[in-house]
Visitor: 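Here's a structure for you.
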Amino acid sequence: MPAGAVLILLYVIAVLSPLLVVSALRLHSPNELLYEIARSLALVSFAILCLQPVLTARIKWIERPFGMDILSRFHRRIGIFAAILLLTHPILLAAGGGGWSLIFSLDLPWYIWFGKIGLVLLVIHTGISMYSSSVGLKFEQWRKLHYILAPIIILLVFVHSWEAGDDLKVFWIRFLWIVLLLIAFASYTYHKILKPSQLAKQPYKVIEVIQENYNVWTIKMAPPSGQTIYDYLPAQFQFITFHRSKDLPVEEHHWTISSSPAQKEFVSSTIKQSGDFTSTMGSTKVGDTAVIEAPFGRFSYVLHPDDKDIVFIAGGIGITPFISMLRYMRDTKTDLDVILLYANRFEKDILFRDELNAMTANAKPRLTITNILSEAGDDWPGEKGYVDKEKIQKFVHEVQGKAFYVCGPPAMSEKVIAALLEKGVPYDKIRSEIFSL
């Protein structure tokens, strides 16, 4: 059985484990249907909450079969699902005979208040996570809030259920509850304390800072003396925490690796100035240090050995995974046919232009490039417009038998993927990665 299928099965069993134990112990109240449903929702939602830190702990053997982008999106959606389950729990209890005082009365036991506070915090936290950009909350502010609220919510729900739930008077349910809590906090401790402290002991050093154009920088980093670069696949990504001068912020961000795994002297990321933190990239100096956690991601042609005829469709800074893959193909003389459609607004936005053009002269890979500008000047002799169905037809011609890799702004990627599907490209031949925390 594939590793991904095994992990999915284990996750489902873990989420349903409270119900399985309850069923095995025959702890049912068959005449109280609403109560049974309310209890089941609470049991499952607590298991989901305890497994949330596992999904984002960057545990390699869990991330590897799916990719961090898939795990992150699942983490977000299953968290919303758990919040809905917990919201429904007190309503069904009240409707099932517990009385509406459970919701509206102030004269309640302390452990009921723990549950209420935990539920309110969960709803607030879920809402902020869904609409953080709308309320003007910056990413780092949201992440700090997330790492504070998440363990508090799990603890509040744990204490509430421990004291309020009749089921948790039974030894095996209590044992399971403690195991789930330990899993949650072990994952949290590993991700936030143990792994960062280990990586911080062996920081990489910035060895070169290259200004690619007016708002994009490539940062090259080398491992500590006597050590080698970690193994990675072309187009995977890394989490980097830069430590620079005192007046520059220290934040962790994820960026695609733009270097080729074939060279072992450095690893690089190419970073666009698109926010408060990334606007400081030009202030990074040789000799600065960087704590790196890597590699992650599955957006790499080497994971699809049957892809022999490949089309790369990039938008803007979305060229970074493709330059990594193309550099690796060049370095290893990979025998592939590759078409690159590269979309930008202006000519000055085109990245790695000279290097890419030089690659077209190589026999391996056989590369053809078309630059497409949406806001080209009158002096632009090349293609104008957007990557759409007509452009794909014009420069790719026959889509059957080809594998398409798409990376760019979300709106562009969605339109390109829709156009590919409309042209009859099988879904399993379209590869994309949308990773957002």
Side-chain angles (χ1 to χ4, degrees), residues 52-64 68-69 71-72 75 138-152 182-210 217-233 236-259 261 263-271 275-297 320 435-437:
Q52 286 292 81
V54 179
L55 297 176
T56 55
R58 302 176 193 170
I59 300 170
K60 294 292 182 62
W61 59 271
I62 294 178
E63 184 269 344
R64 192 173 296 117
M68 188 63 76
D69 61 325
L71 283 182
S72 296
H75 171 82
K138 295 179 180 179
F139 169 73
E140 275 303 310
Q141 294 172 326
W142 168 83
R143 183 157 62 175
K144 289 177 182 177
L145 183 65
H146 178 68
Y147 286 138
I148 292 171
L149 285 181
I152 292 174
L182 289 176
I183 289 173
F185 280 87
S187 301
Y188 184 90
T189 302
Y190 168 79
H191 174 44
K192 293 301 298 172
I193 300 174
L194 297 181
K195 193 64 180 291
S197 63
Q198 177 187 358
L199 293 171
K201 295 175 182 177
Q202 299 176 327
Y204 277 54
K205 183 171 289 187
V206 175
I207 61 170
E208 190 174 3
V209 180
I210 304 170
W217 301 80
T218 291
I219 313 295
K220 292 184 178 181
M221 295 152 287
S225 177
Q227 296 190 22
T228 58
I229 297 289
Y230 59 83
D231 291 329
Y232 64 95
L233 303 178
Q236 287 191 295
F237 63 88
Q238 54 191 348
F239 289 90
I240 307 176
T241 304
F242 285 107
H243 294 274
R244 303 172 293 174
S245 64
K246 294 181 179 180
D247 59 328
L248 295 175
V250 178
E251 298 177 5
E252 181 192 67
H253 290 265
H254 61 281
W255 288 291
T256 300
I257 301 169
S258 56
S259 51
Q263 64 78 28
K264 303 298 183 181
E265 296 178 357
F266 65 87
V267 63
S268 69
S269 280
T270 300
I271 303 166
D276 291 344
F277 180 81
T278 53
S279 66
T280 69
M281 280 299 104
S283 300
T284 306
K285 305 296 183 185
V286 171
D288 290 341
T289 59
V291 176
I292 298 178
E293 186 175 2
F296 299 97
T320 50
F435 180 35
S436 174
L437 291 172

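Counting begins at 1 with the first residue of the sequence.
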Visitor: Taking all atoms of both residues into account, what is the closest heavy-atom pair of I59 and V54, and its distance?
Guide: CD1-O, 4.3 Å
Visitor: About how many Å separate CG of L233 and CD1 of I257, when rounded to the nearest 0.5 Å?
Guide: 9.0 Å
Visitor: How far apart are the closest heavy atoms of P53 and A184, and which atoms are they?
Guide: CB-O, 3.6 Å
Visitor: Rounded to the nearest 0.5 Å, what separation is found between the CD1 atom of I219 and the NZ atom of K285?
Guide: 10.5 Å
Visitor: So, the side chain of T280 versus the backbone of F277: is there a donor-acceptor pair under 3.5 Å, distance only?
Guide: yes
Visitor: Looking only at heavy atoms, what is the nearest atom pair of V291 and P203, with distance?
Guide: CG2-CB, 4.5 Å
Visitor: Identify whether NZ of Lys or CZ of Arg in K60 sits under 6.0 Å from the centre of the six-membered ring of F296 and within 45° of that ring's axis.
Guide: yes
Visitor: Using a cut-off of 6.0 Å, state whether more than 12 heavy atoms not belonging to K195 lie near its atom NZ.
Guide: yes
Visitor: Ignoring hydrogens and geometry, is there a side-chain-to-backbone donor-acceptor pair from Y188 to Y147 under 3.5 Å?
Guide: yes
Visitor: Taking all non-hydrogen atoms of both residues into account, name the closest pair between T241 and V250 and its distance.
Guide: CG2-CG1, 3.6 Å
Visitor: Measure the spacing between OG1 of T284 and CH2 of W217 and express it to the nearest 0.5 Å.
Guide: 8.5 Å
Visitor: Can you confirm whether D231 is buried at CG, in the sense that more than 12 heavy atoms of other residues, nucleotides or ligands lie under 6.0 Å from that atom?
Guide: no
Visitor: Testing the basics here: between R244 and D288, what is the closest heavy-atom pair and its distance to 0.1 Å?
Guide: CG-OD2, 3.3 Å
Visitor: Can you label the angle between the H146 ring and the W142 ring as parallel, tilted or perpendicular, going by 30° and 60°?
Guide: parallel
Visitor: May I ask you to decide if A222's main-chain N or O and E265's side chain share a donor-acceptor pair within less than 3.5 Å?
Guide: no
Visitor: Would you kindly say whether S268 and S258 are connected by a side-chain donor-acceptor distance under 3.5 Å?
Guide: yes
Visitor: Could you label the plane-to-plane angle of the W255 and F242 rings as parallel, tilted or perpendicular, counting under 30° as parallel and over 60° as perpendicular?
Guide: tilted
Visitor: Would you say the side-chain atoms of K264 pair up with the backbone N or O of P261, donor to acceptor, closer than 3.5 Å?
Guide: yes
Visitor: Of the options I210, V267, V286, V206, which is the one that meets K220 in a side-chain contact (heavy atoms from CB on, under 4.5 Å)?
Guide: I210
Visitor: Ignoring hydrogens and geometry, is there a side-chain-to-backbone donor-acceptor pair from E63 to R58 under 3.5 Å?
Guide: no
Visitor: First locate atom CE of M68, then atom CD of Q236, and finally report the distance between them rounded to the nearest 0.5 Å.
Guide: 11.0 Å
Visitor: Return the CG to CG distance between L194 and L199, rounded to the nearest 0.5 Å.
Guide: 11.0 Å
Visitor: Answer yes or no: are there more than 12 heavy-atom neighbours, outside E208 itself, under 6.0 Å from its atom CD?
Guide: yes
Visitor: Are any side-chain N or O atoms of Q238 and backbone N or O atoms of I240, one a donor and one an acceptor, separated by less than 3.5 Å?
Guide: no
Visitor: With rounding to the nearest 0.5 angstrom, report the OG to CE distance, S269 to M221.
Guide: 5.0 Å
Visitor: When you measure from the side chain of T289 to the backbone of K205, do you find a donor-acceptor pair of N or O atoms at a distance under 3.5 Å?
Guide: no
Visitor: What's the shortest heavy-atom distance between Y232 and I229, and which atoms?
Guide: CE2-CG2, 3.9 Å
Visitor: Counting only heavy atoms not in K192, do more than 12 fall under 6.0 Å of its NZ?
Guide: yes
Visitor: Is it true that E252 and R143 have a side-chain N and a carboxylate O under 4.0 angstrom from each other?
Guide: yes
